[in-house]
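All residue numbers in this chain count up from 1 along the given sequence. All values reported here derive from a predicted model rather than from experimental measurement.
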Amino acid sequence: MKEIKNICCIGAGYVGGPTMAVIALKNPHIKVNIVDINKERIDDWNDEDLDLLPIYEPGLAEVVAQTRNKNLFFSTDVKKGIQEADMIFISVNTPTKTYGKGKGQAADLKYIELCARQIAEVATDDKIVVEKSTLPVRTAEALKSILSSTGNGVNFEILSNPEFLAEGTAIDDLMNPDRVLIGGDDTPTGQEAKDLLSGIYEAWVPKKQVLQTNVWSSELSKLTANAFLAQRISSINAMSALCEKTEADVDEIARAIGMDSRIGAKFLKSSVGFGGSCFQKDVLNLVYIAKSYGLDEVAEYWDQVIKLNDYQKRRFADNIIKNSYNTVSGKNIAFYGWAFKKETNDTRESAAIYVADHLLDEQANIVVYDPKVTAERIYADLEYLNTHSPEEIRERVKVVNDPYEAITGAHAIAVLTEWDEFINYDWEHIYKLVLKPASIFDGRNILEVGHLKKIGFSIKNIGK
Ligand SMILES: NC(=O)c1ccc[n+]([C@@H]2O[C@H](COP(=O)([O-])OP(=O)(O)OC[C@H]3O[C@@H](n4cnc5c(N)ncnc54)[C@H](O)[C@@H]3O)[C@@H](O)[C@H]2O)c1
Ligand SMILES: O=c1ccn([C@@H]2O[C@H](COP(=O)(O)OP(=O)(O)O[C@H]3O[C@H](CO)[C@@H](O)[C@H](O)[C@H]3O)[C@@H](O)[C@H]2O)c(=O)[nH]1
């Protein structure tokens with residue numbers, strides 16, 4: 001069996017960066033080149049100041065410090081990266097299509113196709129091409145067709161190796177994965193490619209956790225995993241609405257059902273709604289795929305997961321309005337948190353964006369504090385929706401770097417992200433700075449209700 005000495009990863013994003021950094025750390029004999037067309041991102045990855053890496057992930061800077069410019073390199077030279085590599089990971093973005101057929105549902109595969117074309121154009125010797133991006137089932141077929149049409153005698157073996165890391169815990173998830181999934185052909189060369197990739201992971205992952213399947217199962221397992229995870233959140237969020245009508249407590253319900261080992265305790269935290277770059281995109285993609293095979297009932301089933309999530313975000317904003325004497329016009333609503341979850345600076349599809357948009361429709365003023373998200377990012381997120389003019393957004397939305405400044409003169413405080421620091425703020429001091437009656441809307445159920453009520457706050461939770 002040939003040995004893998006050089007890996008190229010196309011795409012230096014939230015997946016490519018951390019994943020390759022860990023592969024490089026655990027395989028010091030392999031040279032890992034991460035390439036990207038985004039020069040600014042590559043410059044940031046190469047920045048001497050590790051605080052300026054383009055992605056914030058606990059533990060990431062330490063891994064990069066140990067590997068960068070030893071056996072891990074970041075570059076914009078995509079061609080060279082491809083040429084030198086024995087194995088090429090494609091880890092580019094696969095967002096929801098915003099145009100044409102499948103708009104709003106299907107995954108946009110133009111970046112994947114571009115990568116395949118570039119590999120086909122540049123490669124002069126046999127390569128193993130690994131799908132790391134999350135892709136619709138049967139994408140490997142399209143990749144194969146592009147790669148094998150070069151006629152230059154180069155053989156490409158295509159593997160699917162979806163990534164299951166969650167942001168905020170990426171390094172821990174990569175170091176201790178529940179499983180690594182590798183899909184490929186059952187031909188002798190397919191098996192050899194699967195074993196070579198398994199070998200890279202087995203440098204630190206126990207062999208029994210490295211699972212090999214056929215390529216279609218691997219591609220579809222990734223969409224299935226995200227659909228099941230998103231469905232759990234929508235299920236508990238559906239119950240949260242019912243709890244609010246019946247005096248049942250959604251956290252108590254989660255604890256009660258989570259102790260049933262068939263259900264399990266994880267991923268049952270009711271919230272303002274799930275965000276992130278993956279759940280919505282991947283469930284919508286699943287809906288589109290099911291529809292395209294004529295499986296309308298299957299498509300409708302999964303579509304409800306998204307509909308319920310939209311309902312939950314809207315319900316949270318509506319609750320703020322309803323409990324503010326039915327109007328937030330001209331009122332100051334302080335947002336604690338903008339990221340889609342704690343321990344990340346990623347805001348893609350964050351519930352905060354949609355809650356803010358709904359409150360802007362009602363002419364609220366919003367003051368945002370998030371420990372990791374920049375003002376630039378927050379304005380860009382709102383402008384991307386195209387529902388309010390950039391001028392109106394800048395007039396109505398203020399972003400501050402101090403949590404106490406955010407709430408000074410606020411009519412209400414809304415917790416949108418579960419950052420730990422929010423719990424330990426000086427809430428007695430905050431009480432003095434906000435307008436009365438002092439209202440908190442905790443979209444993450446993290447604050448200590450008893451303590452806050454004693455201070456004088458009125459607090460509205462999810463599902464209580
Ligand atoms: N973010 C996550 O937590 C996560 C987890 C598991 C899987 N995924 C999947 O992994 C894939 C990548 O996600 P991400 O969050 O890392 O995306 P990202 O947007 O952070 O990074 C993708 C990078 O690919 C680069 N790129 C695009 N086309 C290119 C090309 N032709 N040549 C070179 N570079 C190119 C972009 O410039 C960008 O820097 C997606 O399919 C996503 O669904 C993401
Ligand atoms: O009980 C829960 C768990 C999560 N969330 C929310 O759900 C969203 C997604 O959270 P999480 O799954 O932890 O983060 P992601 O980084 O989006 O990771 C998901 O998406 C990735 C991209 O595909 C997959 O690799 C991961 O396995 C999958 O967990 C966030 O807004 C969370 O706040 C809840 O509301 N309640």
Side-chain angles (χ1 to χ4, degrees), residues 9-11 13-16 18-20 22-23 88-97 102 105-109 111-113 115-116 128-144 158-167 169-170 173-174 176-185 190 193-194 197-198 200-201 205 209-234 266-267 274-290 292-293 295 298-299 301-303 305-306 346 348-349:
C9 173
I10 309 179
Y14 283 86
V15 170
T19 310
M20 292 302 128
V22 170
I23 285 184
I88 302 162
F89 287 77
I90 302 181
S91 187
V92 299
N93 36 330
T94 50
T96 303
K97 259 184 107 175
Q105 274 189 339
D108 192 342
L109 299 181
Y111 306 105
I112 294 285
E113 185 175 335
C115 289
I128 297 171
V129 176
V130 184
E131 298 174 345
K132 184 50 109 177
S133 297
T134 302
L135 296 168
V137 57
R138 298 208 73 87
T139 302
E141 201 172 38
L143 279 183
K144 192 166 242 163
I158 298 169
L159 299 178
S160 159
N161 172 223
E163 185 47 59
F164 296 100
L165 69 81
E167 287 178 30
T169 51
D173 293 343
L174 287 164
N176 307 292
D178 287 343
R179 71 343 202 151
V180 168
L181 180 57
I182 296 172
D185 286 347
K194 283 192 275 192
L197 182 53
S198 295
I200 290 169
Y201 285 106
V205 181
Q209 279 161 247
V210 181
L211 193 68
Q212 293 190 356
T213 64
N214 80 34
V215 69
W216 320 122
S217 306
S218 174
E219 288 178 336
L220 192 52
S221 291
K222 173 64 194 175
L223 293 183
T224 310
N226 274 356
F228 272 56
L229 290 168
Q231 182 206 44
R232 274 175 82 88
I233 304 170
S234 279
K266 291 182 183 165
F267 249 73
F274 61 73
S277 63
C278 296
F279 281 171
Q280 174 163 307
K281 159 177 86 73
D282 293 347
V283 176
L284 286 174
N285 190 213
L286 192 59
V287 169
Y288 182 76
I289 293 168
S292 69
Y293 286 106
L295 305 173
V298 178
Y301 175 77
W302 289 111
D303 203 24
V305 171
I306 301 299
D346 195 349
R348 290 178 287 180
E349 290 303 327

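The nearest pair of heavy atoms linking Val283 to Ala230 is CG2-CB, 4.0 Å. The nearest pair of heavy atoms linking Ala225 to Phe164 is CB-CE2, 3.9 Å. Among all heavy-atom pairs drawn from Val205 and Pro177, the shortest one is CG2-CG, 3.7 Å.
Here the options are Ile90, Val92, Thr94, the test is side chain to side chain contact (heavy atoms under 4.5 Å, CB included), and the partner is Tyr111; only Val92 passes. For the side chain to side chain contact (heavy atoms under 4.5 Å, CB included) with Ser221, the lone residue among Leu211, Thr213, Leu181, Val137 that qualifies is Leu181. With Thr134 as the partner, the side chain to side chain contact (heavy atoms under 4.5 Å, CB included) test is satisfied by one option alone out of Thr139, Val15, Asp282, Asn93: Asp282.
Salt-bridge check for Lys222 with Glu131: failed, with every basic side-chain N at 4.0 Å or more from each acidic carboxylate O.
Atom-to-atom distance recorded for Cys115:SG and Ile10:CD1 is 4.5 Å, nearest 0.5 angstrom. Taking OG from Ser160 and NZ from Lys194, the interatomic distance works out to 11.0 Å, rounded to the nearest 0.5 Å. Within the model, atoms CG of Asp303 and CG of Leu284 stand 7.0 Å from one another, a figure rounded to the nearest 0.5 Å.
Within the 4.5 Å cutoff, the side chain of Ser91 has no heavy atoms near those of the Thr19 side chain. In this structure the side chain of Ile233 reaches within 4.5 angstrom of the side chain of Phe279, judged on heavy atoms. Put simply, the side chain of Tyr201 reaches to within 4.5 Å of the side chain of Ile182, judged on heavy atoms. Side-chain contact between Leu174 and Pro18: present, with at least one pair of heavy atoms (C-beta onward) separated by less than 4.5 Å. Using a 4.5 Å heavy-atom cutoff, the side chains of Leu223 and Ile289 are in contact. At least one side-chain heavy atom of Trp216 sits under 4.5 Å from a side-chain heavy atom of Glu141. Between Cys9 and Lys132 there is no side-chain heavy-atom pair separated by less than 4.5 Å. In this structure the side chain of Tyr14 reaches within 4.5 angstrom of the side chain of Arg348, judged on heavy atoms.
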Check your understanding: Checking side-chain contact (heavy atoms from CB on, under 4.5 Å) for the pair Phe274/Glu349: CA distance, chi angles, key distance, verdict?
Key -> CA-CA 8 Å; Phe274 61 73; Glu349 290 303 327; over 6 Å; no
Check your understanding: How far apart are the C-alpha atoms of Leu159 and Phe89, what are their side-chain angles, what is the distance that settles it, and do they pass the side-chain contact (heavy atoms from CB on, under 4.5 Å) test?
Key -> CA-CA 9 Å; Leu159 299 178; Phe89 287 77; over 6 Å; no
**Study point:** Verdict with supporting geometry, Thr224 and Leu286, side-chain contact (heavy atoms from CB on, under 4.5 Å)
**Key:** CA-CA 8 Å; Thr224 310; Leu286 192 59; 5.6 Å; no
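Of the possible donor and acceptor atoms, none in the side chain of Lys97 sits under 3.5 Å from a partner among the backbone N and O of Gln105. A donor-acceptor pair under 3.5 Å links the side-chain atoms of Glu219 to the main chain of Arg138, judged by distance alone.
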